Peer 1: 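Please read through the structure below; I'll follow up with questions.
FYI, side chains are in, hydrogens and waters are out, and symmetry mates aren't considered; it's all heavy atoms of this structure. Protein chains get the first letters and strands the later ones, always in sequence-line order, with residue 1 at the start of each. Nothing here was measured: the structure is a model prediction, and the numbers come from that model.
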Amino acid sequence: MTHSTEMNDAPTGSTYSTAAGASFSARLLGWYDRHHRDLPWRLTPDRAARGEMADPYRVWLSEVMLQQTTVPAVKPYFARFTEQWPTVTALAGAEADEIMKAWAGLGYYSRARNLKACADAVALHHGGRFPETATGLRALPGIGDYTAAAIAAIAFGQRETVVDGNVERVMTRHRAIAAPMPAAKAAVKALLGPDVPDDRPGDFAQAMMDLGATICTPRRPACVLCPLRDDCAVLMRGEDPEAYPVKAAKKAKPVRTGAAFVALSDDGAVLLEKRPDSGLLGGMAGLPTTAWSSRQDGASDAGAAPFEGDWQAAGVVSHVFTHFELRLTVWRAQGVARAAGDGRWWSASDELAGEALPTVMKKALESAIPGITKR
DNA sequence: GATACGTGGCG
DNA sequence: TCGCCAAGTAT
């Protein structure tokens with residue numbers, strides 16, 4: 001008999017228990033009812049008790065922001081976005097440029113571009129309402145398998161199996177799945193599917209994620225507090241939970257170098273440019289730079305500046321991206337005449353904080369003129 | 001399936 | 001200090 005069949009036979013109902021012998025979903029939901037996190041995109045407990053569903057717009061926005069991003073990092077962005085754009089229709093009415101500015105600093109900027117594209121699609125092709133099925137959601141920009149399932153379950157009560165990094169960790173430990181990720185993802189989904197309850201699929205998904213985030217953590221999991229410990233395979237085997245999930249070894253990060261140029265006008269404005277819409281930092285604002293290659297030496301790149309000038313080396317900035325490390329030599333020229341070019345503009349010192357500047361660009365600016373991005 | 005794609009926090 | 005990690009998606 002398989003583990004999942006065994007648990008599938010256990011009762012699921014309105015009485016959730018953490019007692020030994022209760023079903024997987026009953027123990028999980030019982031724990032969730034007591035220990036769930038209160039998060040801004042979730043229904044308050046009193047509204048949830050009345051059977052209300054969460055706002056699909058807020059669920060969608062939070063799910064996209066939370067892709068590869070921590071809850072503490074997301075919270076202030078979520079607050080600003082929902083204040084500025086309370087509905088998907090409002091977001092669809094915004095300029096892409098304003099959305100990129102509001103997203104600046106959160107990373108993975110294709111999410112912001114797809115956010116706008118998705119809002120437009122919902123407003124124009126779906127009457128301002130999100131599709132209610134995972135299949136319908138999956139067809140929208142920036143919504144993949146995980147996000148489609150999560151929105152369908154949480155906002156529309158669909159019985160979808162939601163598998164994210166938390167669920168992978170909980171399941172590979174609970175079932176001692178030794179196959180390496182991401183190949184084991186299919187097994188995780190297949191093993192979890194039968195345990196998803198008909199009546200609370202959204203809570204079930206959020207319970208798995210909360211458990212992974214607060215109990216079944218990557219390091220030092222709090223197994224003694226876990227509602228699923230009694231039949232956890234790695235614990236029963238006496239293995240170390242931290243050994244799961246198994247992942248392939250990571251490749252070393254290459255180092256790339258380049259130069260960035262801070263041109264200052266007499267009145268303290270800085271020359272910025274819009275980066276191409278695709279690729280690294282796509283669609284964001286930035287300083288003029290050289291290409292970032294493994295061969296170039298930013299320290300001898302003053303000649304590659306956007307124009308002739310008295311360029312002075314101002315510092316070196318190091319920044320780690322997902323797949324390479326960047327060492328950027330920053331050059332500064334003062335008293336530059338305000339001549340704009342295609343795709344470039346002068347940003348006054350009191351406008352700089354509101355530009356769509358990625359963190360690496362703010363770092364470069366700060367190295368040339370400390371405090372300039374905070375004025 | 002492999003790779004591109006950000007950032008900040010933590011042990 | 002430094003590697004790992006966080007509610008993935010697109011190509």
Peer 1: Looking at residues 354-367 of chain A, who's got a heavy atom less than 4.0 Å off DNA chain C?
Peer 2: none
Peer 1: Could you list the donor-acceptor pairs under 3.5 angstrom formed between side-chain atoms of residues 131-154 of chain A and any protein atom two or more places apart in sequence or on another chain?
Peer 2:
| unit_1 | atom_1 | unit_2 | atom_2 | d |
| --- | --- | --- | --- | --- |
| A:Thr133 | OG1 | A:Gly136 | N | 3.0 |
| A:Arg138 | NE | A:Asp145 | OD1 | 2.7 |
| A:Arg138 | NH1 | A:Ile143 | O | 3.3 |
| A:Tyr146 | OH | A:Glu63 | OE1 | 2.6 |
| A:Thr147 | OG1 | A:Gln67 | NE2 | 3.0 |

Peer 1: Kindly indicate, with the supporting measurements, whether the criterion side-chain contact (heavy atoms from CB on, under 4.5 Å) is fulfilled by A:Arg256 and A:Arg327.
Peer 2: CA-CA 6 Å; A:Arg256 297 187 195 174; A:Arg327 286 175 197 161; over 6 Å; no
Peer 1: A:Leu140 or A:Arg42: which one's nearest nucleotide on DNA chain C is closer to the 5' end?
Peer 2: A:Arg42
Peer 1: Within the structure shown, what part of the strands sits under 4.0 Å from A:Ile154 by heavy-atom distance: base, sugar-phosphate, or nothing?
Peer 2: nothing
Peer 1: Touch check for A:Pro141, heavy atoms < 4.0 angstrom, all strands: base, sugar-phosphate only, or nothing?
Peer 2: sugar-phosphate
Peer 1: With side chains defined as the heavy atoms from C-beta onward, is the minimum distance between A:Pro201 and A:Gln158 less than 4.5 Å?
Peer 2: no
Peer 1: What ring pair (Phe, Tyr, Trp, His ring centres under 6.0 Å) pairs are there with at least one residue in residues 62-97 of chain A, not counting sequence neighbours?
Peer 2: A:Trp41-A:Phe78, A:Phe81-A:Trp85, A:Phe81-A:Trp103
Peer 1: With a 3.5 Å distance limit and no angle check, can you tell me whether A:Arg159 reaches the backbone of A:Val196 through a side-chain donor-acceptor pair?
Peer 2: yes
Peer 1: Are the ring centres of A:Phe321 and A:His323 closer than 6.0 Å?
Peer 2: no
Peer 1: Taking OP1 and OP2 of B:dC5, is either one under 4.0 Å from a side-chain nitrogen or oxygen of A:His323?
Peer 2: yes
Peer 1: Scan A:Val320 against the nucleic acid and name what it touches under 4.0 Å (heavy atoms): base, sugar-phosphate only, or nothing.
Peer 2: base
Peer 1: Answer yes or no: does a side-chain N or O of A:Thr147 lie under 4.0 Å from OP1 or OP2 of C:dT9?
Peer 2: yes
Peer 1: Whole angstroms only, please: what is the NZ-C1' distance between A:Lys185 and B:dG1?
Peer 2: 14 Å
Peer 1: Distance-only, no hydrogens or angles: does the A:Ser349 side chain make a donor-acceptor pair with backbone N or O of A:Ala269 under 3.5 Å?
Peer 2: no
Peer 1: For DNA chain B, find the residues of residues 272-289 of chain A with a heavy-atom distance under 4.0 Å and give them by number; none if there aren't any.
Peer 2: A:Gly279, A:Leu280, A:Leu281
Peer 1: Can you tell me the distance, in whole Å, between the OH atom of A:Tyr109 and the P atom of B:dG6?
Peer 2: 7 Å
Peer 1: Taking the nucleotide of DNA chain C with the nearest heavy atom to each, does A:Met209 or A:Ile143 sit closer to the 5' end?
Peer 2: A:Met209
Peer 1: Would you say a side-chain N or O of A:Lys251 is under 4.0 Å from OP1 or OP2 of B:dA2?
Peer 2: no
Peer 1: To the nearest angstrom, how far is A:Glu63 atom CD from C:dG8 atom C1'?
Peer 2: 11 Å
Peer 1: Using the closest heavy atom to pick a nucleotide of DNA chain B for each, name whichever of A:Pro182 or A:Ser110 lands nearer the 5' end.
Peer 2: A:Pro182
Peer 1: Strictly below 4.0 Å, N to O, side chains only: are A:Arg42 and A:Asp210 in salt-bridge contact?
Peer 2: yes
Peer 1: Can you tell if the side chain of A:Leu28 reaches within under 4.5 Å of the side chain of A:Asp195, non-hydrogen atoms only?
Peer 2: no
Peer 1: Return the value, rounded to whole Å, for the distance between atom CZ of A:Arg111 and atom P of B:dG6.
Peer 2: 9 Å
Peer 1: Between the main-chain N or O of A:Glu168 and the side-chain N or O of A:Thr172, is there a donor-acceptor pair closer than 3.5 Å?
Peer 2: yes
Peer 1: Can a donor-acceptor pair be found, under 3.5 Å and without considering hydrogens, that links the side chain of A:Glu355 to the backbone of A:Leu352?
Peer 2: no
Peer 1: Among C:dT9, B:dA2, B:dC5, which is the nearest nucleotide to the side chain of A:Tyr108?
Peer 2: B:dC5
Peer 1: Going by heavy atoms closer than 4.0 Å, what residues in residues 94-107 of chain A are next to DNA chain B?
Peer 2: A:Gly105, A:Leu106, A:Gly107
Peer 1: Please determine if A:Arg173 forms a cation-pi arrangement with A:Tyr244, meaning its NZ or CZ atom is less than 6.0 Å from the six-membered ring centre and no more than 45° off the ring axis.
Peer 2: no
Peer 1: Is it the case that more than 12 heavy atoms not belonging to A:Arg338 sit under 6.0 Å from its CZ atom?
Peer 2: yes
Peer 1: Can you tell me if A:His319 touches the phosphate of B:dT7, counting only side-chain N or O atoms and a distance under 4.0 Å to OP1 or OP2?
Peer 2: yes
Peer 1: Starting at CD of A:Glu242 and ending at P of B:dC10, how long is that distance when rounded to a whole Å?
Peer 2: 17 Å
Peer 1: Would you please confirm or rule out a distance under 4.0 Å between OP1 or OP2 of C:dA6 and any side-chain N or O of A:Gln68?
Peer 2: no
Peer 1: Could you pull out the protein-nucleic contacts involving nucleotides 2-5 of chain C (nitrogen or oxygen on both sides, under 3.5 Å)?
Peer 2:
| unit_1 | atom_1 | unit_2 | atom_2 | d |
| --- | --- | --- | --- | --- |
| C:dC5 | OP2 | A:Lys250 | NZ | 3.2 |

Peer 1: Starting from P on B:dG6, measure out to CZ on A:Arg113 and report it in whole angstrom.
Peer 2: 7 Å
Peer 1: For nucleotides B:dG8 and C:dT9, find the distance between their P atoms and express it as a whole number of Å.
Peer 2: 22 Å
Peer 1: Is any side-chain N or O of A:Arg138 closer than 4.0 Å to OP1 or OP2 of C:dA10?
Peer 2: yes
Peer 1: Rounding to a whole Å, what distance do you find between A:Leu326:CG and B:dT7:C1'?
Peer 2: 14 Å
Peer 1: If you take all heavy atoms of A:Ala337 and A:Trp346, which pair is closest and at what distance?
Peer 2: O-CZ2, 3.5 Å
Peer 1: If you check the A:Thr322 side chain, which of B:dG6, B:dT7, C:dG8 turns out closest?
Peer 2: B:dG6
Peer 1: For A:Gln67 and B:dT7, give me the distance from atom CD to atom C1', rounded to whole Å.
Peer 2: 15 Å
Peer 1: For A:Met65, is there any backbone N or O sitting under 3.5 Å from a side-chain donor or acceptor partner on A:Arg111?
Peer 2: yes
Peer 1: Donor-acceptor pair, A:Arg27 side chain versus A:Ala22 backbone, under 3.5 Å?
Peer 2: yes
